[in-house]
A.B. asks: 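Starting off with a structure, shown below.
Throughout, protein chains are lettered first and strands after them, A, B, ... in sequence-line order, and every chain is numbered starting at 1.
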Amino acid sequence: MARILVCTAWPYSNSPIHLGHVAGSLLPGDIFAKYHRLKGNEVLMVSGSDQHGTPVTVKAEKEGVSPEEIAERYHQINSEAIRGMLITFDLFTKTHTENHFAVVHDVFLRLLEKGHLYKKETLQYYCEKCGRFLPDRYVEGRCRNCGYERARGDQCDKCGTTFLPGELDDAICTICSSPPVLKETEHYFFRLSAFNESLLNYVSSKTHWKPNVQTFTKNWLEAGLNDRPITRDMTWGVSVPLPGWENKVIYVWFEAVIGYLSASIEWSKGTRNPEKWKDFWMDPDARHYYFLGKDNIPFHTIIWPAILMGYGGLNLPYDVPANEYLTFRGEKFSKSRGVSIDIPTMLSRFDPDIIRYYLAANMPENRDSEFDWDDFQAKTNNELVATLGNYYHRVLSFTYRHFGSIPPCHGVDEDWRKVTNAISVAVNEVDQYLSTCQFKKALKAVMDLAQFGNRFFDSVAPWALLKQDRDRCGSVLNLNIEIVKTLAVLSYPFLPRSASDLWRLLGYEESLLSKGWGWISIPVVPGQKLREPRPLFSKIEIEEDMAMFKEFEKLNLKIGQIISVADHPNADKLYVLEVDIGKRIRLVAGLKGHYDKDKLVGKKIVVVTNLQPAKLRGVESQGMLLAAEHSNKVILLTPAEDVPAGTPVNSGMNPSDQVLLFSDFQKLKLVVGQVIDARTIDVGKSMKIEMRNGAIKKGSKIAVFLPSPDASIALPLLTNNGIVITVDGDIENGALIR
RNA sequence: AGCGGGGUGGGGUAGCCAGGACAUCCCGUCGGGCUCAUAACCCGGAGAUCGGUCGUUCAAAUCGACCCCCCGCUACCA
């Protein structure tokens, strides 16, 4: 029996966890832990919420609540989400606990005592008005290198120059805009540099690590490590266990990783043996696995091992099978950037096994992988439901209906050999792949067995045998149930819900976990009553991805060409235009003072054609032309290339012919944005672009539709042949269109 | 800009480190079979000059050089 410590990266406690967290660290850790529990190994799986650090305080300040409240809120949400995903930690704790403080203090003092920490005075920006030291992100000033006005305290975003405190010209505090002063402050530094050699030896010995993890770490080490400050001027965090340091806390990057140890200790306090954690941390044969995303590699292959080396007597990571990123629309999941699908939302819509299946089948093990709604639906419906679920169901429902219990298998024949062989191949593959953290391959092996089952079921055709040879029919069903039982065990690490349900349907009294992997070699018992089967998975229906842009279909836009322009007889600012939109209509528009009449004639514009006609100062307007406005400026929208009058501007959608009330039109938000790249647009803030067809040019200013005020993705206005709608001149990003 | 990762049939992916005979799998698509099953299952076909160019080699998706494009990191976030 082996001892396995499974650690997953600690989710940060300022937002709900999302698919990226699950795919990257929580799920692989959980699959691995469940596998080892099945195998009868002694497993301890711990993690928790990382609750300290600036982002929590920033969020708290924004909401006007205490950091504790934020930290606790998301700890609750995420604990619940993790439970909902059927991820079974032995302990999922948090860093804002007495226990964690005590363990961190112990580590700190021990390192101090052993000479791995030292004090150093540094200069730091201090805002006298706010009465506090300023993190670099709170300081802005002019870059001495390129003159950029909004360079941060430590680095210029524009040219990349890095600064030491004081090197920024005309620095200001971004909170209160007053100039900060430079103040001496004292901090503890961790002598990371002293561990360079030992770390290099340590990493070099880990030949079983993923190549990218090892290479990445080695490169980092070969570049040489710098000592790093482990305290900071702040109050939210783990206190420094020394008199006179009440206004400082221990840096999150140093303190959070210690959570693996403190969580283990906390866990054992809750068992009958409070010293139990030592079995995992001091027994050199215990293996420690850390599951995390690639951005977290150096903290677990360098900093944490260095802390452990400095402390002494504790096990170092055995493997760090870091994953790449799960992306969405080609980009990393990131709450702050609005690229996120969070777990509470997913769980409100889907069975956890379905989510687990897709994330495992599509896990970013060796490269980034893309979360795609259509693919999610297809894989769920065609693989999980159709191949696996349907196999379960056809075997169980057929057997249940005609036999009621598990029929005996008569004799060892060709069928028996085929099935036994297929089972043993699958078992060996799953075993081998899971023990080496190759989750996609392991899941594939499970699915291959299900497919074999379907094929086998087809080939023996029990529905035909039933009439010809009932005994033989029973035999082949027995074999199929043997496959189903094996699938229950093998799929359990991935799909715990359905595996457990299936186990019940098979009529077992004892739990799947009681004998775990051992069940594979225990033949199913003839005569064992089956429970009435019901399908274990249901198909899912993802609403059209474009649904969020549905509102846009209320607008029926067309390209119009201005034929003539006349002054409104009864208004100062209005023109009366005759416009060709495939037919001739009259528009009244407030362009006077912005455009001369002769400049307008012949121009291609964008017209709302289904707006309810309205009289403006006595003249009926049969539509409305679209223009962007900002302060006093008004600029027409116009197609980027010449297209005929009457061309629909539908952005690849199906606009309505229904009459649109002006009040409803006002609810639709159209703005001008500047294209950053093929996926990003600046509309005053940065957003994603939904591109169906057509091409857009970097830097150009185009018209986009925003589905909602807090939307993170914009729909560019395109003609039905993919020509973008741009502005007839220059105007502010984010300028409103009406 | 620097560092790291990536570009494989319509979509999503495997293979690449340790070069080799028809380039993997799922979906979609086309044709067939079966009817126990959630219109599910099974069989077969079509579809890729493996981002581009040049090179190494008997042989390159796989190794090297250069180029193009995408993503991530370069946060006193972990």
A.B. asks: Strictly below 4.0 Å: does A/Arg455 bring a side-chain N or O up to OP1 or OP2 of B/C43?
C.D. replies: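 It does, given that an N or O in the side chain of A/Arg455 lies less than 4.0 Å from OP1 or OP2 of B/C43.
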A.B. asks: Here's a test of your reading of the structure: between A/Trp463 and A/Leu536, which maps to the more 5' nucleotide of RNA chain B?
C.D. replies: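 Per heavy-atom nearest nucleotide, the more 5' residue is A/Trp463.
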A.B. asks: Tell me: CD1 of A/Ile354 to P of B/U38, nearest whole Å?
C.D. replies: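 From A/Ile354 CD1 to B/U38 P: 17 Å.
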A.B. asks: Give A/Leu388 one of three labels, base, sugar-phosphate or nothing, depending on what nucleic acid heavy atoms sit under 4.0 Å from its own.
C.D. replies: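 Nothing, no nucleic acid heavy atom in range.
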A.B. asks: Record whether the side chain of A/Asn390 comes under 3.5 Å of the base of B/A37 through a donor-acceptor pair of N or O atoms.
C.D. replies: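 In this structure, the two groups form a donor-acceptor pair.
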A.B. asks: Please tell me which of the listed nucleotides, B/C27, B/C77, B/C41, lies nearest to the side chain of A/Pro55?
C.D. replies: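 My answer, after comparing the listed nucleotides, is B/C77.
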A.B. asks: Rounded to the Å, how far apart are A/Leu530 CG and B/A37 P?
C.D. replies: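 Result: 16 Å.
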A.B. asks: OP1 or OP2 of B/C77 less than 4.0 angstrom from a side-chain nitrogen or oxygen of A/Arg232, does that happen here?
C.D. replies: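 Checking A/Arg232 against B/C77: at least one side-chain N or O falls below 4.0 Å of OP1 or OP2.
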A.B. asks: Figure out the CZ/C1' separation between A/Phe452 and B/C41, and round it to whole Å.
C.D. replies: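 One finds 15 Å between C1' of B/C41 and CZ of A/Phe452, rounded.
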A.B. asks: From C-beta outward on A/Arg401, which listed nucleotide comes closest to its side chain: B/C41, B/A40, B/A37?
C.D. replies: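 Selected nucleotide (nearest to the side chain): B/A37.
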A.B. asks: Give the rounded distance in Å between these two atoms: CD1 of A/Ile483 and C1' of B/C41.
C.D. replies: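 Rounded to whole Å, this separation is 14 Å.
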A.B. asks: List the protein contact pattern of nucleotides 11-17 of chain B with one symbol per nucleotide (5' to 3'): B for base contact, S for sugar-phosphate-only contact, - for none; contact means a heavy-atom distance under 4.0 Å.
C.D. replies: BSSS-BB
A.B. asks: For A/Asp458 and B/G44, give me the distance from atom CG to atom P, rounded to whole Å.
C.D. replies: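 Taking atom P of B/G44 as the reference, CG of A/Asp458 is at 13 Å.
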A.B. asks: Rounded to the nearest angstrom, tell me the gap between atom NZ in A/Lys294 and atom C1' in B/U74.
C.D. replies: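 Taking NZ of A/Lys294 and C1' of B/U74, I get 14 Å after rounding.
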A.B. asks: Check whether any side-chain nitrogen or oxygen of A/Gln451 sits under 4.0 Å from OP1 or OP2 of B/C42, and answer yes or no.
C.D. replies: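 A/Gln451 to B/C42 OP1/OP2: side-chain N or O found under 4.0 Å.
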A.B. asks: In terms of relative ring orientation, are A/Trp373 and A/Phe350 parallel, tilted or perpendicular, with 30° and 60° separating the classes?
C.D. replies: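 Tilted.
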A.B. asks: Starting at CZ of A/Phe456 and ending at C1' of B/A37, how long is that distance when rounded to a whole Å?
C.D. replies: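 So the CZ-C1' distance, A/Phe456 to B/A37, works out to 17 Å.
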A.B. asks: Could you tell me how far apart A/Arg534 (CZ) and B/U38 (P) are, to the nearest whole angstrom?
C.D. replies: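 These atoms are roughly 14 Å apart.
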